[in-house]
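Okay, structure first, notes after.
Just so you know, these numbers come straight off a predicted model, no measurement behind them.
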Amino acid sequence: MTSPKNKPSLPEVHRSIKVPNSNGFWRKMLAYAGPGYLVSVGYIDPGNWATDIAGGAKFGYGLLTVILLSNLMAILLQSLCVRLGVATGRDLAQACRDYFSPRVSFCLWVLCEIAIAACDLAELLGSAIALQLLFGIPLVWGVCITALDVLVLLFLQHKGFRYTEALVIMLVATVGFCFMAEILFSHPDIKGILLGYLPKKEIVQNSEILYIAIGILGATVMPHNLYLHSSIVQTRAWQPNTEKRWEAIKFGTMDSTFALSLALFINSAILIVSAATFHFSGNHNVAEIQDAYKLLSPLLGVSAASAIFGIALLASGQSSTLTATLAGQIVMEGFLQFRFPSWLRRLITRLLAIIPALITIIIFGEHSTSRLIILSQVILSLQLPFAVIPLVMFTSNRRLMGEFVNPLWLKSLAWGVAMIIVGLNVWLLLQSILG
């Protein structure tokens, strides 16, 4: 273990992907495409599924507007990550270490590690639940099997970062195709869907609707994604001059915006299928992934519907654990400058999620997993302000960003989004504790 100064996180892939010097738009777009998809999996991970399923079953299409708003906020925040990484050459963790005192930086690191472990826990359980539903594998063994993706990530990163990106894009596409099929099976009301995206007063007037709405928002914006994106955007080898940096910011933002638009479709599709299948058939209390799996085929009359749902869940969980493990490495290297071997860093990250999952399943039984997933989302909500506020602070700081600093309109919008996210997540946390 060493502690070198001013070295990038993920040094084995830093600036490893060439960017063409030609003016061809599509060649450059293809060169920059990839990091956005690694980020997008955090917005479709199993932690989102429970809130989307519950929202659709209980309130029909009404909460689609919340999913849309959450995704627009995510697009804005991830664009700031691109701006920070390209303009400064630092990821968010490194910027926190350089800007804040050692004591504050250490506290932020501890909070972030807890959040990553909580996020990894939800994704690990999602994959294990999928293996149980599809193949009847007990959850304890499923948790252990899903840990093997650490070996897959090590193998792919040895081959090159493009292979990691390709695997994640394939898994995200699998989830997208599965839910496209589910939408066709469920025959949703197109007019109802379009009306669902329009804002409604009842969302803030009805406390029960508001609670699920905030749950959707809290499960959507992931703190570890902000650290991850600001680092992996630096895998592209742009030329270090002003023109090329602006170009990298433009194409990096386009990449993440397109990828998060796909995540918007998937999140919407989960809620739409839940609404069309459960809400309008009178099954308003479906809130757990296992219940949704068991009811899909009987209610839709399509024998493959439940299996397709399970495959999508497995792909979602596996893609999410890959990126959470990468984020763990970035956070430790960025905050502490400790450079463990990559296999050891990923093993530590995975054990932090496996141990509480196994203890809970063994002591409290398999029915306790849904409560464990909910707890992990509460922990994520608690940590979120400590990632969002520094990100907005740094990208609004002219001394740090130079000419790449947020313009006034973007600064105002970013602080507004930060305050909304912080306020709603604090409300959700208080309700979870009191309720």
Does any N or O in the side chain of [X] come within less than 3.5 Å of the main-chain N or O of [Y], such that one atom is a donor and the other an acceptor?
{"X": "Ser40", "Y": "Tyr37", "answer": "yes"}
{"X": "Ser297", "Y": "Val302", "answer": "yes"}
{"X": "Lys200", "Y": "Leu198", "answer": "yes"}
{"X": "Asn283", "Y": "Thr277", "answer": "no"}
{"X": "Ser186", "Y": "Ile183", "answer": "yes"}
{"X": "His284", "Y": "Lys58", "answer": "no"}
{"X": "Ser316", "Y": "Ala312", "answer": "no"}
{"X": "Asp291", "Y": "Val286", "answer": "no"}
{"X": "Asn267", "Y": "Asp52", "answer": "no"}
{"X": "Thr174", "Y": "Met170", "answer": "yes"}

Could you state the interatomic distance from [atom1] ([X]) to [atom2] ([Y]), rounded to the nearest 0.5 Å?
{"X": "Leu64", "Y": "Leu194", "atom1": "CG", "atom2": "CG", "value": "9.5 Å"}
{"X": "Asn397", "Y": "Tyr99", "atom1": "CG", "atom2": "OH", "value": "5.5 Å"}
{"X": "Met73", "Y": "Ile420", "atom1": "CE", "atom2": "CD1", "value": "4.0 Å"}
{"X": "Leu38", "Y": "Ile232", "atom1": "CG", "atom2": "CD1", "value": "4.5 Å"}
{"X": "Ile266", "Y": "Met180", "atom1": "CD1", "atom2": "CE", "value": "9.0 Å"}
{"X": "Thr257", "Y": "Leu72", "atom1": "OG1", "atom2": "CG", "value": "10.0 Å"}

Check [X] against [Y] and note the closest heavy-atom contact, atom names and distance.
{"X": "Ser274", "Y": "Gly56", "result": "OG-C, 3.6 Å"}
{"X": "Leu171", "Y": "Ala315", "result": "O-CB, 3.8 Å"}
{"X": "Phe25", "Y": "Met254", "result": "CZ-CE, 3.3 Å"}
{"X": "Leu391", "Y": "Cys81", "result": "CD2-SG, 3.8 Å"}
{"X": "His229", "Y": "Ser256", "result": "CE1-CB, 3.4 Å"}
{"X": "Leu80", "Y": "Thr395", "result": "O-CG2, 3.5 Å"}

Item to complete: Using the ring pair (Phe, Tyr, Trp, His ring centres under 6.0 Å) rule, collect all pairs that involve residues 257-278, keeping only residues at least two apart or in two chains.
Response: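 Sorted pair list comes back empty.
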Practice prompt. Would you mind listing every ring pair (Phe, Tyr, Trp, His ring centres under 6.0 Å) that reaches into residues 300-326, with sequence neighbours excluded?
Written response: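 Found Trp49-Phe309.
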Item to complete: I would like to know whether Phe59 and Glu202 meet side-chain contact (heavy atoms from CB on, under 4.5 Å); could you show each step before the answer?
Response: CA-CA 11 Å; Phe59 305 112; Glu202 63 181 320; over 6 Å; no
My understanding is that only residues two or more places apart in sequence, or in another chain, count here; which of them pass side-chain hydrogen bond (donor to acceptor under 3.5 Å, both in side chains) with [X]?
{"X": "Ser319", "result": "none"}
{"X": "Arg162", "result": "Glu165"}
{"X": "Ser396", "result": "Asn406"}

Is the shortest side-chain heavy-atom distance between [X] and [Y] below 4.5 Å?
{"X": "Ile330", "Y": "Leu228", "answer": "yes"}
{"X": "Phe185", "Y": "Val273", "answer": "no"}
{"X": "Leu296", "Y": "Glu182", "answer": "yes"}
{"X": "Cys96", "Y": "Phe394", "answer": "yes"}
{"X": "Leu336", "Y": "Arg97", "answer": "no"}
{"X": "Leu326", "Y": "Phe161", "answer": "yes"}
{"X": "Val331", "Y": "Ile116", "answer": "yes"}
{"X": "Tyr197", "Y": "Tyr61", "answer": "no"}

Worksheet entry | Partner residues of Gln234 under the side chain to side chain contact (heavy atoms under 4.5 Å, CB included) criterion, sequence neighbours left out |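 Gln234: side chain to side chain contact (heavy atoms under 4.5 Å, CB included) contacts with His14, Asp91, Trp238.
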Item to complete: Using the side-chain contact (heavy atoms from CB on, under 4.5 Å) rule, pick out the option among Leu314, Leu125, Leu124, Leu313 that qualifies with Pro46.
Response: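 The single option meeting the side-chain contact (heavy atoms from CB on, under 4.5 Å) with Pro46 is Leu313.
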Item to complete: Test side-chain contact (heavy atoms from CB on, under 4.5 Å) on Trp141 and Gln132 and set out the steps.
Response: CA-CA 9 Å; Trp141 290 109; Gln132 183 185 54; over 6 Å; no
Item to complete: Specify whether Phe335 and Tyr227 have parallel, tilted or perpendicular ring planes, treating 30° as the upper limit for parallel and 60° as the lower limit for perpendicular.
Response: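 Geometry flag for Tyr227 against Phe335: tilted rings.
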Worksheet item: Are Ser127 and Leu131 close enough, and set up right, to give a side-chain contact (heavy atoms from CB on, under 4.5 Å), and what steps lead you there?
Response: CA-CA 6 Å; Ser127 295; Leu131 289 172; 5.6 Å; no
Discussion item. Determine whether Met29 and Asp255 satisfy the following criterion, side-chain contact (heavy atoms from CB on, under 4.5 Å), listing intermediate values before the conclusion.
Written reply: CA-CA 8 Å; Met29 187 71 246; Asp255 168 54; 4.1 Å; yes
Worksheet item: So with a 6.0 Å cut-off around CZ of Phe106, is the heavy-atom count from everything else above 12?
Response: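 No, not enclosed.
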